[in-house]
Every structure is written in structure tokens, then in C-alpha cells.
2 protein chains.
Amino acid sequence: MKIEDQLKTNNLPPARKLSLSILVTANLIDENVAAALKPFDISIQQFNVLRILRGQKGKPANLSTIQERMVSKMSNTTRLVDKLIAKELTERIVCEANRRKVEISITEKGLELLKEIDPKVDAVEKELIQDITEEEIEIVTNCLNKIRK
Amino acid sequence: MKIEDQLKTNNLPPARKLSLSILVTANLIDENVAAALKPFDISIQQFNVLRILRGQKGKPANLSTIQERMVSKMSNTTRLVDKLIAKELTERIVCEANRRKVEISITEKGLELLKEIDPKVDAVEKELIQDITEEEIEIVTNCLNKIRK
DNA sequence: CTACAAATGTTGTTTAGACAAATGAAAATC
DNA sequence: GATTTTCATTTGTCTAAACAACATTTGTAG
């Protein structure tokens, strides 16, 4: 659907058209992913932290590493991790080498939860982009790369 | 910057690559626009409501209309509008024809604020997409349109 | 060594978002 | 015309985000 029709507006300058398209589409993706995660009682942010930790392949990550890799850089990653610890999906230990740091890792329970969730999120993403060809994906991601510098 | 490099991951399946690219880029846009709005002490959501009301060209809008057109459909548009009313940027009157509805319109002060803000936001958007050609904008927005159906 | 600065997280506080329930007005049904 | 349904918005409540202030450990310069 054209962004102008969706937002009932017209004559958007190109820069605004593109930025609104990206924002509205991102919102749609968020809504759909959040809905898929809901049965598992986990938020998108929490899900992302779990995926980051899994990507560490056993190595624990400290808070600033997680924060760097998060889609949305919110300031209180501490409390986000607190939630995951309360659910026993992650663990936190104080780093021995540098006692300012903490080392956070995903638990077995966390890995199992991800294994359950992954196919659902994959399905949502595939469903959303079903009309986009692989070639188009390349073009679009390249353009978006340029926006993110 | 490639999304894999940015998130320090690799071998993303195409659907996830695209969806992450969109989400991360949207986040970047949000951050930049929010920063531009900060001096005016107004949030992105509030800014969007003001633009929607301006788009009405004098005609007031009711709450559900605003909600439909918002980028992110949050549930308490009431309180969002309350904030704008407190700042005297909008007005709310109960609709005479259908007393369930309310009619919301932008004030002169609101219009003036928009006039001040617009060039700043335009500049942010242009700066962000400076490396994208008009042709590319067309291609990308078309693809995003397909995601939003 | 001591003091000062930087790094790394945590906590406090205020504001916004999600979601359900409630309110009140109009429309529909019996 | 009274009762029920639906509509449009508001309110309540709980959780999350923004942002600043604080705490603790480490690094460094005199």
C-alpha cells in the first residue's frame, strides 16, 4: 500500500516519503513480531538480548557489548537483563579480570526457549516479505546500509 | 554499513536480514528526529499528531482518525492529545452532531511551532538519505509498500 | 603512593506505552 | 419506548523507556 494512501496525505517530499515508509514498515514488523512473542511472555527487546547472547557461542557478554548490538539502544539494559535473570533465561556474574564489568550469558533454559521461538519469528518475517524477491532484498538492504553509513 | 557488521552477526537468512535492516534504520531515523525535536520539547508522537492535524486544513479530526493515521498505533491517543492541549498546541471540543466524538484541531500556536520545526526535521531527513538517489527511493518505497500490503 | 579522571554498571525519577475495563452516547432490536 | 449493542473515548494499572545521578573499580599523572 502506498504510504500516501496509508497516512491519507499527499505530495510528500521524497526524503519524507522514504523515511515515513521505513518507519511505518518497521512498526508493522514490530507489531507482528511482538504478537508472535506474546505467547512466550517475552518482549522484543528481551528476545533480542537472548539472540545476542546466543550469538556469543558460550562466551559471556558484558552489558556494553549487548547494548552496542541492540536494535534500539535504550539506556537501562541492566533492568532488561534483570528481567531475563528473573525468568532464569540468563545468568550474570561479576567479571574477575575487571570487577567493574559483569559477564552475562544465556542459560540452557534460554537456549531452549529460543529454539521454540525461532520458527515462529521466522514464519512472521517470511510472511511479511513474501512478495519481495531476493534481488529486491539486496537492493533495499544496500540502500538502507547507505542510510546507516 | 552492512547490517551483519553493525550487529556483529553473520549468515542472516534473507528475510531476517531485511527485517533487521528496516528495524535498525527506523531506529536511527527515530533517534535523529527525536534529537531535532528535543529543543522544542515535543516528542515524535506529539509531532506526528500535530502534522496530522495540520493536514486536515482547518477541518478538525476526531481521535480515531488521528489514531488511524499515526505511525505507531498506540492505544492512548487521549493522553497524547492531553499533552498537546496542555501546551496549547491543540484544542478539543465535543462534537455536536455525535456527542460520542470529540473534534480536535491545531491552534495557531501549534501551526507556528510546526513552521519552526519543519525545516529542522526536513534537514535531518535529507541528511540521512543524502546518498540515496530519487530512483532508489522509488524502488525502496515500492518494496516497502509490498510489505505493508 | 595519592589524587584525579575514566570506564562500567546500577538506581532513582519522571514520562510514555500496552492493554483492559469503564463510561457515556447513539443505534438497533424487540 | 425500553433494552441491548455498538461506538468513541477516557481512565486505571502495570510495565517499559528516557535521562540523569550515583557508585565502584580501574587507569594514570604528578
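In the text below, chain A, chain B and the rest are named by the order of the sequence lines, each starting its count at 1.
- The nearest whole Å value for the distance from the CG atom in B/D41 to the P atom in C/dT14 is 16 Å.
- Of the two residues near DNA chain D, B/L63 and A/L80, the one whose nearest nucleotide lies more 5' is B/L63.
- Looking at the side chain of A/K38, the nearest of the listed nucleotides C/dA20, C/dG17, C/dG9 is C/dA20.
- The line from CG of B/L144 to CG of A/L18 is 7.5 Å long, rounded to the nearest 0.5 Å.
- Mapping A/K101 and A/N76 onto DNA chain C by nearest heavy atom places A/K101 closer to the 5' end of the strand.
- The distance from atom CD1 of B/I44 to atom P of C/dA16 is 13 Å, rounded to the nearest whole Å.
- The terminal axes of the helix from C/dC1-D/dG30 to C/dC30-D/dG1, fitted over 5 pairs per end, subtend an angle of 10° to the nearest 10°.
- Here the CG-CD distance, from A/L84 to A/Q46, works out to 5.0 Å after rounding to the nearest 0.5 Å.
- The distance from atom NZ of A/K87 to atom OG1 of A/T107, rounded to the nearest 0.5 Å, is 12.0 Å.
- If you measure from atom CZ of B/R79 to atom C1' of C/dC19, you get 11 Å, rounded to the nearest angstrom.
- Within the 4.5 Å cutoff, the side chain of B/N145 has no heavy atoms near those of the A/M1 side chain.
- Taking 4.5 Å as the limit, some side-chain heavy atom of A/K149 sits within range of a side-chain heavy atom of B/D131.
- Between A/T65 and B/K8, every side-chain heavy-atom pair lies at or beyond the 4.5 Å cut-off.
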> Under the side-chain contact (heavy atoms from CB on, under 4.5 Å) criterion, do A/I42 and A/L50 qualify, and how do the steps go?
Replying inline: CA-CA 10 Å; A/I42 197 172; A/L50 286 181; 3.6 Å; yes

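- An OP1 or OP2 oxygen of C/dG9 is reached within less than 4.0 angstrom by a side-chain nitrogen or oxygen of A/S64.
- Nucleic acid contact for B/E103: none, since no nucleic acid atom lies under 4.0 Å from a heavy atom of the residue.
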Kindly give the atom pairs (protein nitrogen or oxygen, nucleotide nitrogen or oxygen) under 3.5 Å for nucleotides 21-28 of chain C.
{"unit_1": "C/dA26", "atom_1": "OP1", "unit_2": "B/R99", "atom_2": "N", "d": "3.1"}

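- One finds no salt bridge joining B/D118 and B/R51 here, because no Lys/Arg side-chain nitrogen approaches an Asp/Glu carboxylate oxygen to under 4.0 Å.
- In this structure, B/K83 atom NZ and C/dT15 atom P are separated by 8 Å, rounded to whole Å.
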>> Before you tell me yes or no, could you show the steps for A/K146 and B/E136 under salt bridge (charged side-chain N to carboxylate O under 4.0 Å, His left out), namely the whole-Å CA-CA distance, both residues' side-chain angles and the distance that decides it to 0.1 Å?
In response: CA-CA 11 Å; A/K146 285 197 275 182; B/E136 286 175 320; 3.0 Å; yes

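- Under 4.0 Å is where a charged nitrogen must lie from a carboxylate oxygen, and between A/E138 and B/K17 at least one such pair does.
- Read 5' to 3', the first and last nucleotides of DNA chain D with an atom closer than 4.0 Å to a heavy atom of chain A are D/dA16 to D/dT26.
- In this structure, B/I22 is not a member of the same hydrophobic cluster as B/I139, with clusters built from ILVMFWY side-chain heavy atoms closer than 4.5 Å.
- A 4.5 Å side-chain heavy-atom check between A/V81 and A/T78 finds every atom pair outside the cut-off.
- The interatomic distance linking A/I85 (CD1) with C/dG9 (P) rounds to 13 Å, in whole Å.
- Taking 4.0 angstrom as the limit, B/Q45 places a side-chain polar atom (N or O) nearer than this to OP1 or OP2 of C/dG17.
- The distance between atom CG of B/D30 and atom P of C/dG17, rounded to the nearest whole Å, is 11 Å.
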